[in-house]
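Here the structure is laid out as structure tokens; the discussion comes afterwards.
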Amino acid sequence: MSSWKDNIRKVVPYVPGEQPKIKNIVKLNTNECPYPPSPAVEKAIAEQSKNDLRKYPSITCGELKTALEKIYPVTDDMLFLGNGSDEVLALCFMTYFNSSKPVLFPDITYSFYDVWCDLYNIRYTRVPLDEGFKIRPEDYYGENGGIIIANPNAPTSIYMPLESITDILDHNRDVIVIIDEAYIDFGGISAVSLLEKYDNLVVVQTFSKSRALAGIRVGYAMANKELIAALEAVKNSFNSYTINSLSLAAATAAANDTVYWQDCCSKIKVTRERLIQQLDALGFDTLPSSANFIFTSNKNINAKELFEYLRKSGIIVRYFDKPRINDRLRITVGTDEETDKLIACIKSYLSK
Ligand SMILES: *Cc1c(COP(=O)(O)O)cnc(C)c1O
């Protein structure tokens, strides 16, 4: 006998890092910024909440776009805003990856990419990173239905120079190439300067990491206006108001406070280098990081055991039980104080 159960769509979802409600925890598992957002954000939200929440939010998101146009070499028809870059990326997959050929992305990368492919029935091929966890541009020369690369990559933290992206673009003029730049502000150079030359390039960024606003859910795509119009049409077939007015106000304030933003990124970079040095001294092998997290291993330590020990001690990091990376931990760069606690805890584990 048939059942309503036959008609239910079954998917295997992406699993984000946990958000425990435990007090005094050192939370280094989801790459959030350890510092609060710009003080201008709180003011903007308070101000906005006095204005008309009765009404739908702005359709054009004009103020936020204006703020972003001051930072990036784009015009407002080259900008698309969404409810976190996860939503922007999901809509990009739906809009740009409609070939019968497989989409390419690294074997080790953001684990949402294959989830979206499965959701939309997009074929894909995972391209192995080299032994040093680097992307080899020549592996992306073959026929494909599109390419998505996180740069810096996650969870490896490794940045691929713009020449390599140019190389991939030069060999792929007939498909869309998406560069997911969630971590670009912590050490890389954005591919946004390549938009002028490549009409098949899409650059995606977020307010969640470097601008300390994971809670407001705002992300954006930058591309030529034809690609952006296609993305808008798909979004408007789904939900016209993906960003609420409070989030719009918050993101606009954060985007306008470039001094605070740059300062935050610099502090995180300094702490990151300190953390890597301290781990070096304890025999860890950490990949070169251009992100606000590190990816580290120690051949004398079982990563899962250390992960569990840290967790019991109130320090949460990320462990992926997956081939090639199950001997590593991904650790978000926190404040200096959090870093000291982490190092002390690792030392106590080592002296057990
Ligand atoms: C964090 C992250 C995102 C998504 O961030 P949002 O909070 O949805 O903007 C996208 N890509 C990568 C690689 C990330 O690590």
Side-chain angles (χ1 to χ4, degrees), residues 13-19 27-34 37 41 61 64 68 79-94 103 105-117 119 126 129 133 135 147-160 165 177-188 190-191 202-222 231 235 239 242-244 247-248 250-251 254-255 261 264-265 268 272 287 289-295 317-318 320 322 325 329-333:
Y14 169 77
V15 183
E18 57 182 325
Q19 296 287 352
K27 191 172 177 303
L28 305 175
N29 68 330
T30 51
N31 301 340
E32 288 142 339
C33 180
V41 166
C61 305
L64 179 51
L68 291 171
L79 273 166
F80 175 84
L81 298 159
N83 190 254
S85 60
D86 283 340
E87 184 191 70
V88 174
L89 288 163
L91 289 167
C92 284
F93 273 55
M94 195 194 267
V103 165
F105 48 83
D107 61 339
I108 298 161
T109 191
Y110 192 36
S111 43
F112 231 137
Y113 300 157
D114 52 348
V115 171
W116 289 317
C117 285
L119 181 64
R126 289 194 178 95
L129 297 175
F133 294 102
I135 291 164
I147 294 172
I148 170 122
I149 286 173
N151 195 35
N153 195 10
T156 65
S157 76
I158 295 176
Y159 170 72
M160 175 168 67
I165 294 188
V177 177
I178 303 175
I179 308 294
D180 176 356
E181 294 189 335
Y183 301 104
I184 196 69
D185 301 327
F186 302 106
S190 173
V202 180
V203 177
V204 177
Q205 297 192 356
T206 176
F207 280 81
S208 296
K209 310 314 187 342
S210 63
R211 289 185 178 92
L213 284 172
I216 68 159
R217 314 302 304 125
V218 177
Y220 48 102
M222 298 179 279
L231 202 51
K235 184 205 78 167
N239 177 3
T242 53
I243 314 184
N244 69 75
S247 292
L248 267 179
W261 168 51
C264 241
C265 295
I268 290 167
R272 176 181 73 205
L287 297 182
S289 172
S290 298
N292 68 337
F293 61 89
I294 56 144
F295 204 40
V317 301
R318 196 96 195 253
F320 301 96
K322 288 186 178 171
I325 58 171
L329 293 180
R330 193 196 70 186
I331 306 176
T332 305
V333 178

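All residue numbers in this chain count up from 1 along the given sequence. Just so you know, these numbers use all the heavy atoms, side chains as well, and skip hydrogens, waters and symmetry mates. Numbering of ligands and ligand atoms starts at 1, following listing order.
Between Tyr113 and Asp180, the side chains place a donor N or O and an acceptor N or O closer than 3.5 Å (distance only, hydrogens not considered). When only modelled atom types and interatomic distance are considered, Thr206 and Lys209 share no side-chain donor-acceptor pair under 3.5 Å.
Note: Phe295 and Phe133 have perpendicular aromatic rings, judged against thresholds of 30 and 60 degrees for the angle between ring planes.
You'll find the ring centres of Tyr220 and Phe207 inside the 6.0 Å limit. Phe105 and Tyr110 have their aromatic ring centers separated by at least 6.0 angstrom.
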TODO: List the steps and the verdict of side-chain contact (heavy atoms from CB on, under 4.5 Å) for Ile135 and Asn151.
DONE: CA-CA 10 Å; Ile135 291 164; Asn151 195 35; 6.0 Å; no
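Shown in contact with Ala182 at under 4.0 Å from a heavy atom are these atoms of ligand 1, numbered in order with element: 2 (C), 11 (N), 12 (C), 14 (C). Taking a cut-off of under 4.0 Å to the non-hydrogen atoms of Ser208, the atoms of ligand 1 that pass are 6 (P), 7 (O), 9 (O). Against a heavy-atom cut-off of under 4.0 Å, Gly84 is close to the following atoms of ligand 1: 8 (O), 9 (O).
Of all the heavy atoms of Phe207, none lies under 4.0 Å from any atom of ligand 1, so neither backbone nor side chain is involved. With a heavy-atom cut-off of 4.0 Å, Asp86 touches ligand 1 through backbone and side chain alike. The proximity of Lys209 to ligand 1, defined as any non-hydrogen pair under 4.0 Å, is limited to the side chain. At a heavy-atom cutoff of 4.0 Å, ligand 1 is contacted by both the backbone and the side chain of Ser85.
Of the possible polar contacts, one joining the Asn153 side chain to the Ile108 backbone as a donor-acceptor pair under 3.5 Å is found.
Taking a 4.0 Å cut-off on heavy atoms, Asp180 registers as neighbouring ligand 1.
Checked against a 3.5 angstrom limit, the closest N/O atoms of Tyr113 and ligand 1 fall outside it.
When each of Val103, Ile149, Ile147, Leu89 is tested with Ile178 by the rule side-chain contact (heavy atoms from CB on, under 4.5 Å), just one qualifies, namely Leu89.
Scanning the protein heavy atoms around atom 8 (O) of ligand 1, the nearest turns out to be Arg217 NH2, 2.7 Å. Tyr183 OH, 2.5 Å is the protein heavy atom nearest to atom 15 (O) of ligand 1.
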